Amino acid sequence: MVYRFTIISNEVEDFIREIKIDAEANFYDFHQAILKSCHYTESAPTSFFICNEDWEQELEVMLEDLGTSRSDEDLYLMKKTRLSELLEDEKQRLVYIFDPLDNRMFFIELTEISFGQTQAQAVCSRSFGEAPRQSMDLQDFLNKDTIKLSEDLNEDFYGSDSFDTEEFDPEGFEISEGNPYS
């Protein structure tokens, strides 16, 4: 069986990659194919997340065990987990976190399953657009956070412009001096 995955980015509008890979390949092989198709280096602890139809992350497949999982939950590692173990239906959705520090990711969909075929090596069968940079530099990171901060600090954060300090009733707050726990 051969899987064909379509990969898109929420950062670069015209970015698309299609990768064909054997269903018996492991997630590490798929990870390597993504890195190669985007000209990325293996510099960060990446993860795949199996998602539901609303892109909600349900199950993680990690590059390596970072010791963060609880002992009572299943641990899936890329080199030990075959694609066919966790993926069996077309339209299955995944997220590939390629920059965990900034939570940057690719959105992936299993767009085709070809039965009765095999594929010796993963192949990027379609490549369109430039991949987003693998990691943000400091200035990009600061600009991203500044924009987010300015969006969060709007009028609702500070309160209404119509607040009148003359209408404030401090007696309604029962503020007392001394130990509040006595």
Side-chain angles (χ1 to χ4, degrees), residues 2-23 25-66 68-69 75-87 89-114 119 121-154:
V2 174
Y3 289 161
R4 180 170 53 94
F5 293 98
T6 302
I7 304 168
I8 61 171
S9 168
N10 63 342
E11 293 179 43
V12 179
E13 189 174 314
D14 64 348
F15 169 84
I16 190 167
R17 297 290 186 273
E18 285 185 356
I19 295 182
K20 291 184 178 181
I21 188 169
D22 197 273
N26 60 35
F27 278 87
Y28 185 76
D29 297 328
F30 188 29
H31 156 75
Q32 289 293 310
I34 293 170
L35 293 179
K36 184 177 178 183
S37 75
C38 296
H39 306 287
Y40 288 172
T41 62
E42 193 162 345
S43 61
T46 59
S47 290
F48 286 97
F49 284 91
I50 310 299
C51 300
N52 65 19
E53 61 191 27
D54 295 322
W55 295 101
E56 294 169 345
Q57 299 172 1
E58 295 180 334
L59 185 120
E60 182 177 14
V61 182
M62 301 167 42
L63 180 60
E64 50 192 53
D65 184 2
L66 301 175
T68 57
S69 62
L75 177 66
Y76 295 97
L77 299 176
M78 288 185 197
K79 288 184 179 180
K80 295 182 178 185
T81 309
R82 290 188 328 270
L83 296 170
S84 62
E85 288 179 51
L86 301 178
L87 307 171
D89 298 321
E90 286 184 4
K91 306 297 181 200
Q92 175 66 57
R93 293 180 171 180
L94 300 94
V95 168
Y96 175 72
I97 308 287
F98 64 89
D99 182 1
L101 296 177
D102 292 318
N103 200 30
R104 296 172 60 231
M105 64 192 75
F106 290 136
F107 296 90
I108 303 171
E109 186 172 285
L110 176 53
T111 48
E112 182 182 18
I113 299 175
S114 299
Q119 180 109 11
Q121 296 278 336
V123 173
C124 180
S125 57
R126 183 174 178 210
S127 177
F128 188 77
E130 291 293 318
R133 285 198 318 240
Q134 187 172 9
S135 59
M136 292 183 154
D137 62 21
L138 180 60
Q139 191 58 47
D140 288 340
F141 180 77
L142 292 173
N143 288 342
K144 178 183 131 190
D145 283 353
T146 303
I147 292 167
K148 175 77 173 121
L149 185 60
S150 66
E151 289 171 357
D152 289 344
L153 298 180
N154 60 21

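The first residue in the sequence is number 1, and the count goes up from there. Note that the structure is predicted; figures quoted are calculated from it, not measured.
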Original post:
Do the side chains of Gln32 and Glu42 get nearer than 4.5 Å, heavy atoms only?
Top reply: yes

Original post:
So do the side chains of Cys38 and Phe15 get within less than 4.5 Å of each other, counting heavy atoms only?
Top reply: yes

**OP:** May I ask you to test the Phe27-Leu83 pair for a side-chain heavy-atom distance under 4.5 Å?
**Re:** yes

Original post:
Is there a donor-acceptor pair closer than 3.5 Å between any side-chain N or O of Glu90 and the backbone N or O of Ile113?
Top reply: yes

Subject >> Residue that, paired with Tyr96, satisfies ring pair (Phe, Tyr, Trp, His ring centres under 6.0 Å) out of Tyr40, Phe48, Phe30 >> reply: Phe48

**OP:** Give a yes or no answer on whether the side chain of Asp54 reaches the backbone of Glu56 with a donor-acceptor pair at less than 3.5 Å.
**Re:** no

Original post:
Are any side-chain N or O atoms of Asp102 and backbone N or O atoms of Arg104, one a donor and one an acceptor, separated by less than 3.5 Å?
Top reply: no

**OP:** State, yes or no, whether a side-chain contact exists between Ile50 and Leu87 at a heavy-atom distance under 4.5 Å.
**Re:** yes

Subject >> Between CD1 on residue Ile8 and CD on residue Glu13, distance to nearest 0.5 Å >> reply: 11.0 Å

**OP:** Report yes if some heavy atom in the side chain of Phe98 is under 4.5 Å from a heavy atom in the side chain of Ile34; otherwise report no.
**Re:** no

Original post:
Mind checking whether Ile7 and Phe107 have side chains closer than 4.5 Å, heavy atoms only?
Top reply: no

Original post:
Does any non-hydrogen side-chain atom of Thr41 lie less than 4.5 Å from one of Leu35?
Top reply: no

Subject >> Option passing side-chain hydrogen bond (donor to acceptor under 3.5 Å, both in side chains) with Ser47 (candidates Glu60, Gln57, His31) >> reply: Glu60

Original post:
Shortest non-hydrogen contact from Asp99 to Ser135?
Top reply: OD2-CA, 3.6 Å

Original post:
Does a side-chain heavy-atom distance below 4.5 Å link Leu94 with Leu86?
Top reply: no

**OP:** Would you check if the side chain of Glu85 reaches a backbone N or O of Arg82 as a donor-acceptor pair within less than 3.5 Å?
**Re:** yes

Original post:
Would you find a donor on one side and an acceptor on the other, under 3.5 Å apart, between the side chain of Thr6 and the backbone of Glu109?
Top reply: no

**OP:** Keeping the roles fixed (side chain from Gln92, backbone from Thr111), state whether a donor-acceptor pair exists under 3.5 Å.
**Re:** no

Original post:
Counting only N and O atoms by type, is there a donor-acceptor contact under 3.5 Å from the side chain of Arg93 to the main-chain atoms of Glu53?
Top reply: yes

**OP:** Check Cys124 against Ser37 and note the closest heavy-atom contact, atom names and distance.
**Re:** SG-CB, 3.8 Å

